[in-house]
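Numbers for residues simply follow the sequence, beginning at 1. Start at 1 and go down the list; that is how both ligands and their atoms are numbered. Note: hydrogens, waters and symmetry copies are ignored here, and every other heavy atom, side chains too, is used.
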Amino acid sequence: MFFGPTVLPPAEWHGRVVVVIDVLRASTTMATALSHGARAIIPFDSADDVVTRSKSFERGDVILAGERRMRAIPGFDLGNSPLEFTREAVEGKTILLTTTNGTAALASIQGAREVIVGSFVNFSAVVTVLRTAARGDVDIALVCAGSERQFSLEDAVCAGRMLRALSRRLTSATLSDAARAAMVLERRYARDLPSLFQDASHGLRLAEAGFGDDLAACAALDAHPVVPVYADRQVTRLGTDRGR
Ligand code: MLT
């Protein structure tokens with residue numbers, strides 16, 4: 001269990017199933033896009049990298065998306081609001097995405113057995129994969145992307161909920177102090193996800209910036225039951241063929 005983006009050598013991730021959690025909003029946006037038929041999402045560090053890579057696609061096949069300071073990047077097709085990633089907008093497209101924290105957190109995981117993207121909207125689908133991993137004694141790591149390198153309440157609570165869902169499988173496992181802390185926090189918000197976003201600093205920032213409707217979309221438990229898998233530098237839906 002890790003709070004904030006973490007730079008560990010590939011050997012540390014080796015053999016682990018890693019879940020990257022950025023509830024507000026990158027993880028939610030990725031799950032929404034794949035659930036609505038996007039072909040793949042390719043994460044990038046910078047807007048310039050997105051533009052450069054877009055030149056290797058037919059314009060109609062690709063969507064340039066992302067945010068800085070929560071707002072859409074000028075000239076891009078979409079920002080990072082999950083509500084923009086409708087079926088009409090994304091079906092069959094490859095999305096080139098850059099966000100402040102979420103895409104960087106994904107790219108920071110190298111050498112894991114499997115990297116998946118978790119949030120509330122695909123919670124149960126991700127837990128199903130984690131239960132299978134736990135049954136096979138595979139080590140699980142939950143990485144909370146955080147916000148501007150700081151702890152994020154909503155990511156920790158989502159991680160805590162995953163741990164609670166796995167708890168029958170975890171009794172013999174060693175839980176880190178961070179994992180125990182996430183489970184304690186989760187109990188506080190278990191029945192009231194909307195109040196979680198009212199307390200979370202990034203939730204407040206999003207509401208102030210006019211993205212209040214995104215908070216309801218990010219709290220919609222299991223609305224998009226997909227498992228986004230990050231491999232070969234792209235995120236695709238578990239069970240679909242990989243493109244380029
Ligand atoms: C991020 O990756 O930093 C977030 O998803 C920011 C946002 O709310 O768009």
ask   = Any side-chain donor-acceptor pair under 3.5 Å between Asp222 and Ser124?
value = yes

query = Judged by modelled atom types alone, do Asp49 and Thr52 share a side-chain donor-acceptor pair under 3.5 Å?
reply = no

Residues Thr98 and Arg68: side-chain donor-acceptor under 3.5 angstrom = yes

query = Ser35 side chain to His224 main-chain N or O, any donor-acceptor pair under 3.5 Å?
reply = no

query = Could you give the distance from OH (Tyr230) to CD1 (Ile116), rounded to the nearest 0.5 Å?
reply = 15.0 Å

ask   = Who are the residue neighbours of ligand 1 when the rule is a heavy atom under 4.0 Å from any of its atoms?
value = Asp22, Leu24, Arg25, Ala26, Glu67, Asn80, Thr99, Thr100, Asn101, Gly102, His202, Leu206

ask   = Can the ring centres of Trp13 and Phe2 be said to be less than 6.0 Å apart?
value = yes

